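Below is one structure, written out as structure tokens, with a few remarks after it.
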Amino acid sequence: MKIIKEVVEFYSKDFDKKQIKNIIKHVLYKDVFFDDDIVTKNEIKEIRKIFKKLKKGQLLEYITNRKFFYKNNFIVNKNTLIPRPETELLVEEVLQYNLQNKNVFDICCGTGCIGLSIYLENNNINLFMSDISKKALNVTKKNIKLLNAKAKVYKSNFINFIFEKNLKPDFIIINPPYIDKRDKNLDILVKKNEPKTALFAKDNGLFFYKVLYNNLEKLFNLNKDLIILCEFGFEQKQKLEGIFNLKRVKYKIEFKKDYSNLWRYFILKKV
Ligand SMILES: C[S@@+](CC[C@H](N)C(=O)[O-])C[C@H]1O[C@@H](n2cnc3c(N)ncnc32)[C@H](O)[C@@H]1O
């Protein structure tokens, strides 16, 4: 047995203290601990294993197969994006509406973190989740089970299933892939570990926004009161304003910032 302070000091040669404490939290299943708390032999073994894998360039969430998002732990694996804290803003935004009996769609759902977080606050919604990746959808299904939720799951290329299955969405929430393949600023560990289908999009990362724009008429024909929320890359706002061609004033688009004061998502409605 050791006390936490000793464990932190041991690893502080190679890792920063915040990261070490994060790993200890993961292993101990604790949000808060104190320097003189005890770590058992087995827990030390577990912590050592994690550091070995981190040194090889793996990401903590893929080692532990879980990530905390909004209010819950979600299963993740190498076939899903690791949910990001800024995406929680989409959840918070949707939760401001009256969602009773509404059809809520989480498109490009990955782990299902967006849709399931909304459902867990409002289990009277009808939740629909979709992704193109069968392997990602296997994780979505595991999270539905883990969190005791109910949802319909579709393997679909973007929004196609909505039209194919004659569905009528009230809310569509999308965190699509939006990184340009040539982006030089992308974190090397993200590039090495996270699924390419979850990260990259054609047309300088703008592909899915263009498809969405081209289908707006059809979507609002299904439901004129539809509300669409969509995450985007912090440098894409200007380009999105171009794509959604605000001068036509047919749709109202409102851009919002994230915790770091960077443009991060938009809300789109029919005027
Ligand atoms: C940025 S991740 C978002 C995952 C999750 N919603 C989140 O916020 O953590 C994008 C997701 O889109 C999926 N995807 C990529 N191309 C797609 C397509 N053409 N149609 C549907 N989903 C797609 C990927 O498999 C991935 O799960």
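Throughout, numbering of the chain's residues begins at 1 and tracks the sequence. Ligands are counted one by one from 1 in listed order, and the atoms in each one are counted from 1 as well. Bear in mind the structure is a predicted one, so any value in this text is a computation, not a measurement.
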ask   = Quick one: does D183's side chain have a donor or acceptor within less than 3.5 Å of a partner on N185's backbone?
value = yes

query = With a 4.0 Å cut-off on heavy atoms, does D131 reach ligand 1?
reply = yes

task = Can you pull out the closest protein heavy atom to atom 3 (C) of ligand 1? Residue, atom name and distance to 0.1 Å, please.
result = N175 O, 3.2 Å

message = Give me the nearest non-hydrogen protein atom to atom 15 (C) of ligand 1 as residue plus atom name, then the distance to 0.1 Å.
response = T197 O, 3.0 Å

remark   = Residue, atom and distance of the protein heavy atom nearest atom 9 (O) of ligand 1 read C113 SG, 3.5 Å

For atom 19 (N) of ligand 1, the protein heavy atom that lies nearest, with its residue and separation = N157 OD1, 2.8 Å

Ligand-residue contact atoms, ligand 1 with P83, heavy atoms, under 4.0 Å = 9 (O)

ask   = How are the rings of Y11 and F51 set relative to one another: parallel (under 30°), tilted (30 to 60°) or perpendicular (over 60°)?
value = parallel

ask   = How far is atom 6 (N) of ligand 1 from its nearest protein heavy atom, and which residue and atom name does that atom have?
value = C108 O, 2.9 Å

task = Examine distances only and state if a side-chain atom of N160 and a backbone atom of S156 form a donor-acceptor pair shorter than 3.5 Å.
result = no

task = Take every heavy atom of S156, measure it against each atom of ligand 1, and state whether any distance is under 4.0 Å.
result = yes

query = At under 4.0 Å between heavy atoms, which part of A201 makes contact with ligand 1: side chain, backbone, both or neither?
reply = neither

note = NZ (K21) and OG (S12) are apart, to the nearest 0.5 Å, by 10.5 Å

inquiry  = In this structure, does ligand 1 have an atom that sits under 4.0 Å from one of the heavy atoms of F208?
reply    = yes

task = Quick one: look at C109 and ligand 1, take heavy-atom pairs under 4.0 Å, and tell me if it's side chain, backbone, both or neither.
result = backbone

query = Can we call the ring centroids of F232 and Y265 under 6.0 Å apart?
reply = no

query = According to the interplanar angle, ranging from 0 to 90°, do the rings of F128 and F105 count as parallel (below 30°), tilted (30 to 60°) or perpendicular (above 60°)?
reply = parallel

note = The protein heavy atom nearest to atom 1 (C) of ligand 1 is A198 O, 3.1 Å

remark   = Paired with D203, the salt bridge (Lys or Arg N to Asp or Glu O under 4.0 Å) test is passed by just one of K210, K181, R182, namely K210

Side-chain (E254) to main-chain (I267) donor-acceptor, under 3.5 angstrom = no

ask   = Would you call R264 and D258 a salt bridge, using N to O less than 4.0 angstrom?
value = yes

message = Considering non-hydrogen atoms of the protein only, which is the closest contact for atom 22 (N) of ligand 1, and what is the distance?
response = I132 N, 3.2 Å

task = Give the atoms of ligand 1, by number and element, whose distance to some non-hydrogen atom of P176 is under 4.0 Å.
result = 1 (C)

inquiry  = Looking at Q236 and G233, would you say the former's side chain and the latter's main chain have a donor-acceptor pair under 3.5 Å?
reply    = yes

note = To atom 21 (C) of ligand 1, the nearest of Y178, F158, F200, F207 on a heavy-atom basis is F158

inquiry  = Out of all atoms in ligand 1, which are within 4.0 Å of some heavy atom of S133? Include the element for each.
reply    = 25 (O)

ask   = Taking non-hydrogen atoms only, is T87 closer than 4.0 angstrom to ligand 1 via side chain, backbone, both or neither?
value = side chain

key: Donor + acceptor pair across side chains of N126, N103 (<3.5 Å)   = yes

